[in-house]
Amino acid sequence: MRAAPTMAPDDLGRRVLAHLRPGRDGWLTTSLTIVLVAVALGVSALLLTLTGASPSASLSAIWTGSLANTTGWTTTLLNAAPLLLVAVGAAICASAGTFNIGQEGQVLIGGLFGAWVGLRLALPGPMLVVVVMAAAAVGGGLWAALSALMYRFRGVNVVVSTLLMTFLAIQLVTFAVSTPWLQESAQGSSGIADAQSNPLPADALLGGLGQYPSMQLNAGLFLALVAAVGVALVLSRSRWGFRVRMVGLNPLTAKHTGVRVAALGGFTLALSGAFAGLAGGLLLASPVSPNRLQAGLSDNVGWDGLLVALVARNRPLIAIPVSFGFAVLRAGGDFLSATGVPYYLVDIVKALLVLAFVAPPLLVGLLRGRRGATPPTPFPLPAVPTKMKAAV
Amino acid sequence: MSVLDNTTTILASGVRLTVPLAFAACGEYLAQRAGAMNISVEAMMLGAAFTSIATASATGSATTGLAVGVVTGLVIGFVHGNLSHRAQINTFVVGLVLNALVLGLTSYLITTQQFASHQVGVLSIPLLKDIPLIGQALFSGRWPAYLLILLVPLTWWLVDRSRWGLELRAVGENPQAADVTGIKVGVRRRQALLWCGALAGLGGAYLAVGEVGSFNQNMTAGRGYIVIAAVIFGAWRLGRTLLGCLVFGLSDAMRLALPALGVTLNAQLLVAAPYLLALLAMLLFATQHREPAALGRPFQRGST
Amino acid sequence: MTPTTSAVPILELRGITKSYGSVTACDAVDLRVEAGEIHGLLGENGAGKSSLMKVLLGLVRRDTGTVLVRGEEVALDSPQEAAELGIGMVHQHFSLINGLTVWENVALGDTGKVNKQAVCDGIAEVSARYGLPVDPEARVDALSAGERQRVEVVKCLRRDPQILILDEPTSVLTQAESQELFAVLDRVVANEGRAVILISHKLAEIAQATDRVTVLRKGRVAFRAVTSDTTPQLLARQMVGREVSLGEEGAALGLLPVQQTRAGHDGAHDRQQAVLRLAGLTVVQGGVEVLGSVDLTVGAGEIVGLYGVEGNGQSILGDVLAGLVAPTEGTIEVAGNRVDVTRPGALSKAGLGIVPEDRHHSGVVLDMSVAENLTMKSLDEVSGRFLLRRRATLARARRLADEFNIVTPSLDAPVRSLSGGNQQRVVLARELSGDTRVLVAAQPTHGLDVGAIEDMYARLRRAADEGVGVLLISTELEEVMALASWIAVISSGRISGALPVSEATPERLGMLVGGEAA
Amino acid sequence: ADNAATAPKATPGASGGSDSGSGSGLKGPDVNGDGKVVIGVLSPGDINDRGYYQSFVDSADAFAKEKGWTVVKRGSVPPSDALTAARALCQQQVDLVALGASELKTAIPASEEPVCAKSAWYVPMQGNIDQTPRIVLSTDDPNQSMLVAGYATGLKMKAAGHTKAGFITGLKADFSVAASTAFLAGIREVVPKATLTTTYTGDFNDSAKAKEATQAQLSQGVKVIYPYLGGATDASANLANAGGALTLTPGTDRCDSNSPKFDISVMFSPGDYFRAALEEFARHNLKMGTTRVWQLGVDPYPTVKICDGQGDEDQQLAEFIKKIGSKEIDPAAEVKRLG
Ligand SMILES: Nc1ncnc2c1ncn2[C@@H]1O[C@H](COP(=O)(O)OP(=O)(O)OP(=O)(O)O)[C@@H](O)[C@H]1O
Ligand SMILES: Nc1ncnc2c1ncn2[C@@H]1O[C@H](COP(=O)(O)OP(=O)(O)OP(=O)(O)O)[C@@H](O)[C@H]1O
Ligand SMILES: [Mg+2]
Ligand SMILES: [Mg+2]
C-alpha cells in the first residue's frame, strides 16, 4: 500500500499566501482599490444625502446589520453560504474551461426539486433533509446538464444556453408555484393560496446551532466551507482535478493524454449546476428562512455568486472571503433598507462597490500597458468553448 | 368582428410590441457581430425609458425625451465599453452590475418624482394605412417607429457594406488577426457598444414615450434579455434577428388577444416562449448557427 | 541582381531597443535596407526578429531608437501609420480572418469606402502581375495553407508597399511553393524598386533568395554581410554563436544537397518486429475522404519517413495517432496488439508516443508547469488512487528534464515561459518516457533553430537505436532523407509509394508526391 | 370608525378556530418603551404605484404625521426576502411591524423570535394565515368587494346595454382568478348573460403588454375594462378611457383622477384598513392575537363607489351592499352560482 500523500501544510500555506500576497503591482492595486472604494462610497453618500438620509448613519447601519453583533454575524453567514456554494461551482467548470452564467436558474431549479421531494416524500427524520438537499443538487445539476448536452450534441454555446435557461427556469418555477404542482394548499372555501409552496416539514430543515437572533450557525455554512476547501484541494491536488485543469487549459492535449474531454467538460458543467442547485436547497431548507418554494427564492444568489467567483478569479479558497464580503453587503443592505433608505439605493451601493473591487488590478494593468510592458492578464474569463475543431 | 379584423388587430398589436425590441435588436446584433456579448441592453432600455419620460415631463416635448433616451443609451454603452473593452473588466460582471445599477437608480428616482404622461404623435400614412390586414399594423404607428425603415438598412449597410462594419466583423471573428491588420479592436468594440446603446436607448425611449406614455418601475420587464434571445434566434443575421423580434412580438400579441377572442389559455409558460424559441432555433439549426468566433471573449494583445 | 547602394536607404533603423518586462527582445539594433534588395533576417528562436518587425509595423512601441524611412525620421505608432509609409508585412502566424471571404480580408486595413469591385480588380491585377492566383470570393476557412499564404502576399502587395516584410513565410510552404514565392519576390524588387525583408530559419533559402543578410543573436546584431560573401556555415555559426556540426542536420536547414545516409539503418528493415502497423486507415470528414486506406508499418528500431507536401493528410494522420480523431475505418496495431482507438488515451497506453505537428495546439498545456507537462501521461506513476503526489511528480520530472537537457528556470515554471526548442523537448521527453514502443514525430523541427534541430535529430536516432520504432512525418525532403531508412510518400491522403532510402532520389520522390508511381 | 363589533372573529377557514383574545393583550404605540413611536412597513409591491400598495404607506405616512410618529418603509420586498426584511425592521426597534399584503406572510415567523419581542404586528390576510398570539390579522373577503364591483359594473352595463366586460391582470394566480370570478358573478347579478374576458399579461408592471391586452379587448367590443394591475394600471386605464370603456380601480378611491379617469372606485385598499388599525394602535387598543374582519356593508371599507351615479344606480348599489352586510346575500354562494 502506498503511504498516504503527505499534504505538506507549509506548502499549502505558501500557495494560499501566494494568492493573497500583493504581487508586483500589489501596492498600486491596493491603493487604487482604496481610492475607488472611497469614490464608490462617496457617490453612494451623495445619493444618500440626496434622499435625506445620513451617510454616516447608513454606514453604521450596514455595520450593525452585518458585523456589529451576533445577529448581524448570523445574517452575514447565512447570506455567505449559498453565495459560496454557487461560486465554488462556478470555479469548477471555469477550471474546465466552461463558462456557466446560468446559476440563477440552477439555484431555482434546485429549489424546485428540493421542494418537490420535501413536500411529497414522507421520509423519517433526518433522512428527509439529506434527500431534499440531494434532490436540489440533482435538480440544478440536471438543468446545467441540459446545457452541456446541447453543447455536446448541437454545439450550442454554453454561455448563451445557460443564460437562456435561466429565464426558462424562472418561468418554470413561477408556473410550478401557481399550479397544483407545488402551490400551497388553500385553507377553507375562500382561503386564497399564494403563489408559493407549502412550508417544508420540520424534518426537511437543516439542523443548526443556536437560535436566531443570537448566533445561529447551520449546516449550510459548514457545507459551503467544506465544499470550498474540498474543491480547492480536489482541483489542485487530485488526479481528477488535474484532468479538469488540463481540459480547461488545453482540451486537445488533455484528450491526447487520455482524458474524456467532452464527458469531463459536460460533467463539470453539470457539477457546477449541482452546486448552484445545492445553494437553492440551502435557501429552501435553512432553518432561518420561510422554507417555501417561491419564484423569488433565488433572490439574485445565482448572479451574486457568479460575481463572487469572478471577483475571486475562480479560486475556491479566495471565494470564501469574497463571498463573505458580498454577504456583508447583502446583510448590511437589508438592514440599511430597514432604516428607511430605499432598497434600490442599497443595490446601487452594492453595484458600485463591486466595480470598485474588480477594477483596480485591471486598471493597474492598463496603466502598465500604456507604458509598454506586457499587457495585463485579462480578467479570467475562461474561454467560451467554441466548437473544438474536429477533434472532440 | 370578422376574422380579418381580428387578424388586423393582432398584427397591429404584434408590430407595436415588436418595435422597441427591433430597435434594440439592431443594436445588440451589431454589438455581437463585433464580439461584444452585451448583456446590459436591459440597462440601456430601462435607463432610456426613464430619462425619456423624465425629459418629456420636464420639457413638455416627447421628442426631446426620445432624444435624451438615445443619449442615455449612449452613455451606458460608453460606460460598458470602457469598463469591459478598455479596462478589461469581465463583460458579464459589467453587464450584471450595470443592469442592477440602472434598475436601482430608476426605481429610486421614480419615487422622488411624479411624471406627467407624454407620448409622441401617431403618423398615419394616407392610403397605405387602408391596405387590408397590414395597413393598420405598418402604416399608422407612432412616428419614431418609422425610423426603423431607416435604421434597419443602415445597420445592415454598416455591418455588411461599410469599412467600419467589415472591421467590426473582423474583430468579432478574430481580434488577434484584426489587431495585426491595424484595426483597433477595443475601439471598434466600444464603438459597437455605442451604436448598441443608442439603438437600445431608442427602443427603451420608444417604449416609454411611444407606446406607453409613462414610466413605471422596471417597465422594460426583461425586454433586454428577449433582445439577446432574438439575436441568437436570428443566428447573428440581421434579417432573422428582426424576424425573431417579430415572432416574439406577435406571439405576445396573440397571447394577449386570444382571451378576448374567446380562447382561453394559460399564459404563464408562454412568457418563456422567446427563450425557448431561441434555444430551439439553436438546437434545430445548429449548423447554420455560426456565432462570431470571438463572441464574449476579451481581447488582449499578445494572447492567442 | 545587385543591391543599389544609394546614399539614402529606403529604411534605416538606429539603435532600436525593445523590452518586454525583463526580457530584452531587441537591443540597440541597427538595420539598413536599400531599395531593390531582398534583405535576409536570420536568428534563432527568440532572437528578436519578429519583435523588431513588429516595431517597424507600429504594432509594438519601441523603447528607444529611431526609424528613418527614405531618410526621414518617422514615429510609427500604429499599423496605419506604417501602411501609409508603405510598410507591409506578411505575418509569421496567419493574420487572415476565417469568417470572412478573401476579398474582405484583402480589403481589411485599407481606408475609405469598401468597393468590392475595386478590391477584386486589385486582387486580379496583383495576381496576374506576380502569378499568384486566388479566388476573391472564397471563404478563408476553406483554403489550404499554401493558398492562405498566397492571399496574405496578395493582400500585402496590393497595398503597393515600398517595404515588404515576410516573417517565416516558407515554414508552411512546400519547396515548389517556396520557389514560386521567391520568384515573386524577385519580381517585386527587381522591376519595381521595392525592398523586401525576408525572415527565415532556412539558411539555403536565405542564401538563395537574399541580397544581403543580417543575423540577430539574443536581440543584438551579430553579423551583417552581402549574402554572396557568406557561406551557410558562417551564417549558422553567427546565428548560434558557436560551431555547428553541419552534417546531416544541415539538411533540414536546406543547406546541403541530399546525402545518402548512414548504412546501419538502411536495409535493416525488420518487418517481423513491427511495432506500429496501420491497416486500411481511412478518415472521412464532412463527406470528404481525407485519409484513404493508409497501410504503413514501422519496425522496432527503424525510422520510417512519411514524406509529402503539406495538406495531403499528414495532419489528420497525426491527429488519428494522437487519439484526437477516430478513424472511420481501419485498424491500428501497436507492438502487435490491436488498439481500440475510440477509448481515450488507448494509443498512448499501448506504447505510442507522439510529438505533434503543432505543440501549442495539442502537445503541451502552456499554462501548466513543466513538471505537470512532463508527467501528465503517466499519472499512475505519480499519484495515489485519488491524490497526486507532488514529490513523485517532481522527482520524475527532474529525471526527465536532466535526461533531455530541458532548460527551465524551475520545474514549477509554466511551459509557456520556455523557448520553443525546450517546449519541444518537454513533449519529446514525455512521449518517450514510460514504455514507449513507437514514436510518431510530426514535423518535429518546425520552427526550431539549428541547435535545437541538432538535438532533436540526435534524440530521434538514439530512440531508434534503443529499439523504438520512429515514424517521422515531415514535409522537408532533406530531413526525411537524412533520418529515415524507409520513406513512404503520402499524396492526397493515400500512400502513393514507399521505398528504402537507398533507392530514393528527389526525382522519384517528387513523382510520388505528385501522386504518380515511381 | 368604530368597528369593534366584528373584531374578534374566527379566521375564515383557519382550522381549529382562533385563539382570539388569548394573545399578549393590548398594545400601545410605544410598545418597546423607547420614548418614540416607529412604524415599520414592508410592502411586496411598488410603493409608488399610485394604487393598492402605495395606499398602504400613504395612510401610514399621513397618520404618522398627525401623531408625530416615524414611518420606516420598504417597497418591492420579494416574499422570499420578507423574513429577513422583517427581522431587520425589528432590529431597528420599530414598535409596529406592518406587512403591506398577505404575500409577505413568510415574515410572520419573525414575530415569534426574540428580535421582534418588542414589536406589535399587523398582517393583512387573504386566508391561509394561522392566527398567532403575537400578530393582529386584518382581513376582508375579496368575494364581497369584487362581487359588488361587478354589481356596480352591471348597473352601468345594463344602462348602456353592454354585455361584454374585460378583466386584465398580471399573473394567473389563485387571487386573480378568484377576483375575476367574483367580478363576473357580480355583473351577472344585473346582466345575466354578460360575459367577462380575462387576460393575464404575465406581469403586473408591464405597461406595454397591459395596453395591448386592453386594446385587444376594446377591439372585441368590450365596454368595461377592469385593470386589476400594479404599475401598469394607469397605462391600461388611459387606453380604456380613450376607447370609451368604463374602468374600475384596483383597490383605491380614484374618482377624482382625471388622467386616467375611473368610473367605479373599488375600495379594498389595505391602507384604509391599516389606518383604522393605526387609530386603535394610537388608543392603546390594538389587540394582538385577534383577527379584524372587514365587512362590506358594515364597515366603511371595503366598499364600492360609482363615480358619477346616474338615476338610481347609487341607491341600487347601496341596497346591494346593505344586503351583503346583513348577510341576506351570501357572496360565496353567489359567486358559485354565477361566476
Ligand atoms: N508579447 C511578448 N511579451 C513578452 N515577451 C515577448 C513577447 N513577444 C516576444 N517576447 C520575447 O521577445 C523575444 C524575442 O521574440 P521574437 O518573437 O521577436 O523572436 P523571433 O526572433 O521572432 O523568434 P522565432 O524565430 O521563434 O519567431 C523572445 O525572447 C520572447 O520571449
Ligand atoms: N506573450 C508572451 N509572453 C511571454 N513570452 C512569450 C510570449 N509570447 C512568446 N513568448 C516567448 O517567446 C519565445 C519565442 O516566441 P515565439 O512566439 O516566436 O515562439 P516559438 O514557438 O519559439 O517560435 P515559432 O513561432 O517560430 O514556432 C518563447 O520563449 C515564448 O515562450
Ligand atoms: Mg518570430
Ligand atoms: Mg418605541
Side-chain angles (χ1 to χ4, degrees), chain A residues 47 50-51 99 101 146-147 150 153-157 159-161 163-172 174-175 178-179 300 303-304 306-307 310-311 342-352 354-355 358-359 361-363 365-366 369 374-381 383-384 386-387, chain B residues 37 39 83-84 86-94 96-112 217 222 225-226 228-229 231-232 266 268-276 278-279 282-287 289-291 293-303:
Chain A
L47 281 168
L50 288 180
T51 64
F99 195 40
I101 63 170
L146 288 178
S147 291
M150 285 190 271
F153 292 105
R154 306 296 291 173
V156 177
N157 184 319
V159 175
V160 168
S161 73
L163 180 68
L164 295 179
M165 295 284 282
T166 295
F167 299 109
L168 283 185
I170 292 171
Q171 293 307 328
L172 189 63
T174 309
F175 180 76
S178 51
T179 57
N300 281 339
W303 299 122
D304 282 357
L306 177 63
L307 284 181
L310 291 169
V311 172
Y343 194 76
Y344 316 119
L345 271 184
V346 177
D347 275 339
I348 297 169
V349 174
K350 260 179 9 187
L352 290 176
V354 169
L355 283 184
V358 168
L362 300 145
L363 289 179
L366 197 66
T374 320
T377 332
F379 208 88
L381 173 64
V384 177
T386 46
K387 289 149 208 175
Chain B
M37 175 99 189
I39 63 170
L83 288 178
S84 71
R86 193 198 285 274
Q88 300 284 354
I89 302 175
N90 180 307
T91 189
F92 296 100
V93 173
V94 175
L96 291 177
V97 166
L98 281 180
N99 286 345
L101 199 61
V102 171
L103 179 60
L105 267 177
T106 55
S107 303
Y108 163 63
L109 291 174
I110 190 73
T111 65
T112 63
Q217 196 212 341
Y225 295 105
I226 304 237
I228 296 175
V231 175
I232 296 162
N266 188 336
Q268 195 57 53
L269 282 179
L270 276 178
V271 175
Y275 310 111
L276 203 58
L279 272 175
M282 290 186 79
L283 283 174
L284 297 179
F285 308 112
T287 47
H289 262 80
R290 240 189 111 261
E291 68 216 23
L295 181 63
R297 302 200 201 194
F299 166 71
Q300 197 72 67
R301 185 173 275 180
S303 70

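In what follows, every chain begins at residue 1, and chains take the letters A, B, ... in the order their sequences are listed. Treat the numbers as computed from the prediction; the structure is a model and nothing was measured.
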| field | Verdict with supporting geometry, B:V271 and A:T174, side chain to side chain contact (heavy atoms under 4.5 Å, CB included) | value | CA-CA 11 Å; B:V271 175; A:T174 309; over 6 Å; no

| field | Least distance between heavy atoms, B:G104 atom then A:I348 atom | value | C-CD1, 3.7 Å

| query | Just how far is it from atom CG of B:L276 to atom CE of A:M165, taken to the nearest 0.5 Å? | reply | 9.5 Å

| field | Atom pair CG (B:L96) and CG (A:D304), whose distance is rounded to the nearest 0.5 Å | value | 8.5 Å

| field | Which atoms of A:L306 approach chain B - backbone, side chain, both or neither, heavy atom under 4.5 Å | value | side chain

| query | What distance separates A:Y344 OH from B:I110 CD1, expressed to the nearest 0.5 Å? | reply | 10.0 Å

| request: Could you tell me if the ring centre of A:F167 sits under 6.0 Å from that of B:Y275? | output: yes

| task | Rounded to the nearest 0.5 Å, what's the gap from CE on A:M150 to CG on B:L283? Could you check? | result | 5.5 Å

| query | Which distance, rounded to the nearest 0.5 Å, do you find between the OG of A:S161 and the CD1 of B:I232? | reply | 9.0 Å

| message | If I measure from the heavy atoms of chain A, does B:L284 come under 4.5 Å with its side chain, its backbone, both, or neither? | response | backbone

| For A:L307, is it the side chain, the backbone, both, or neither that has a heavy atom closer than 4.5 Å to a heavy atom of chain B? | side chain

| query | In terms of heavy-atom pairs under 4.5 Å, which option from A:L164, A:N300, A:I101, A:D347 contacts chain B the most? | reply | A:L164

| message | Please find the pair of heavy atoms, one from B:N90 and one from A:F99, that lie closest to each other, and give the distance. | response | ND2-CZ, 4.1 Å

| field | Straight-line distance of B:T91 OG1 to A:L310 CG, nearest 0.5 Å | value | 11.0 Å

| message | I'd like to verify something: which residue of B:A87, B:P274, B:G222 has the highest number of heavy-atom pairs under 4.5 Å with chain A? | response | B:A87

| message | Report which part of B:L105 has an atom under 4.5 Å of a heavy atom belonging to chain A: side chain, backbone, both, or neither. | response | both

